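Here's the structure, in structure tokens; my notes come after.
Worth saying up front: this structure is predicted, and the values here are computed from it rather than measured.
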Amino acid sequence: MEIKVIGEGCEKCDKLYENTCQAVSELGLKADIVKVEDLMDIVRLGVLTTPSVMLDGKLIISGRVPKVKDIVKLLS
């Protein structure tokens, strides 16, 4: 499982990364969690709104910072 947390390093992006890591930990999943902060990489992924999360290449969160429990639901 590959999870990409996408954003240019703002507070919201960092919070989404933290929440995603915590959700993965709570679920006991084996996942590669990658922060994508380079603008060109973000554009290549086709992401228009940050912060965002991609799960195995599919955009599952865009333009918001959900709580850990909400991310747990999305990953379950």
Side-chain angles (χ1 to χ4, degrees):
M1 173 184 294
E2 181 182 54
I3 299 172
K4 292 181 181 177
V5 180
I6 304 160
E8 292 187 68
C10 65
E11 279 184 47
K12 288 181 181 181
C13 301
D14 292 339
K15 183 64 177 171
L16 181 55
Y17 181 79
E18 278 179 37
N19 289 356
T20 302
C21 289
Q22 188 173 342
V24 167
S25 177
E26 284 183 17
L27 289 168
L29 298 174
K30 286 193 174 196
D32 293 322
I33 305 172
V34 178
K35 269 181 127 174
V36 179
E37 296 181 319
D38 182 72
L39 184 57
M40 291 309 295
D41 291 337
I42 293 170
V43 170
R44 278 188 209 103
L45 291 170
V47 174
L48 302 175
T49 308
T50 60
S52 297
V53 173
M54 287 186 127
L55 173 63
D56 294 329
K58 181 182 174 191
L59 195 62
I60 61 169
I61 298 169
S62 182
R64 62 190 181 95
V65 181
K67 295 179 182 178
V68 174
K69 67 178 183 172
D70 298 322
I71 299 172
V72 167
K73 287 179 187 176
L74 286 171
L75 297 177
S76 307

With the 4.5 Å side-chain cut-off for hydrophobic clustering, are Leu74 and Leu27 part of the same group?
yes
Side-chain contact test, heavy atoms from C-beta onward, threshold under 4.5 Å: evaluate it for Leu75 versus Ile60 and give yes or no.
yes
Do Val65 and Ile33 belong together in a cluster built from hydrophobic side chains that touch within less than 4.5 Å?
yes
Less than 4.5 Å apart, side chain to side chain, heavy atoms only: is that true for Leu16 and Pro66?
yes
Taking every non-hydrogen atom, the tightest pair across Glu37 and Asp14
OE2-OD1, 4.4 Å
Measuring from Glu2:CD to Leu55:CG, what's the distance to the nearest 0.5 Å?
9.5 Å
Tell me whether Val53 shares a hydrophobic cluster with Ile6, the cluster being built from Ile, Leu, Val, Met, Phe, Trp, Tyr side chains joined at under 4.5 Å.
no
Atom NZ in Lys67, atom NZ in Lys73: separation rounded to 0.5 Å?
10.5 Å
Return the minimal non-hydrogen interatomic distance between Cys13 and Gly7, and the atom names on each side.
SG-CA, 3.4 Å
Nearest 0.5 Å please: distance from the CG atom of Leu29 over to the CD1 atom of Ile3.
7.0 Å
Shared hydrophobic cluster for Val5 and Val24 (ILVMFWY, side-chain gaps under 4.5 Å)
yes
Shortest non-hydrogen contact from Met1 toward Lys30
CB-O, 3.8 Å
Of all heavy-atom pairs between Glu26 and Val72, which one has the smallest distance, and what is that distance?
OE1-CG2, 3.8 Å
Please tabulate, for side-chain N and O atoms in residues 41-51, each donor-acceptor pair with protein atoms closer than 3.5 Å (sequence neighbours left out).
{"from": "Asp41", "atom 1": "OD1", "to": "Arg44", "atom 2": "NH1", "distance (Å)": "2.6"}

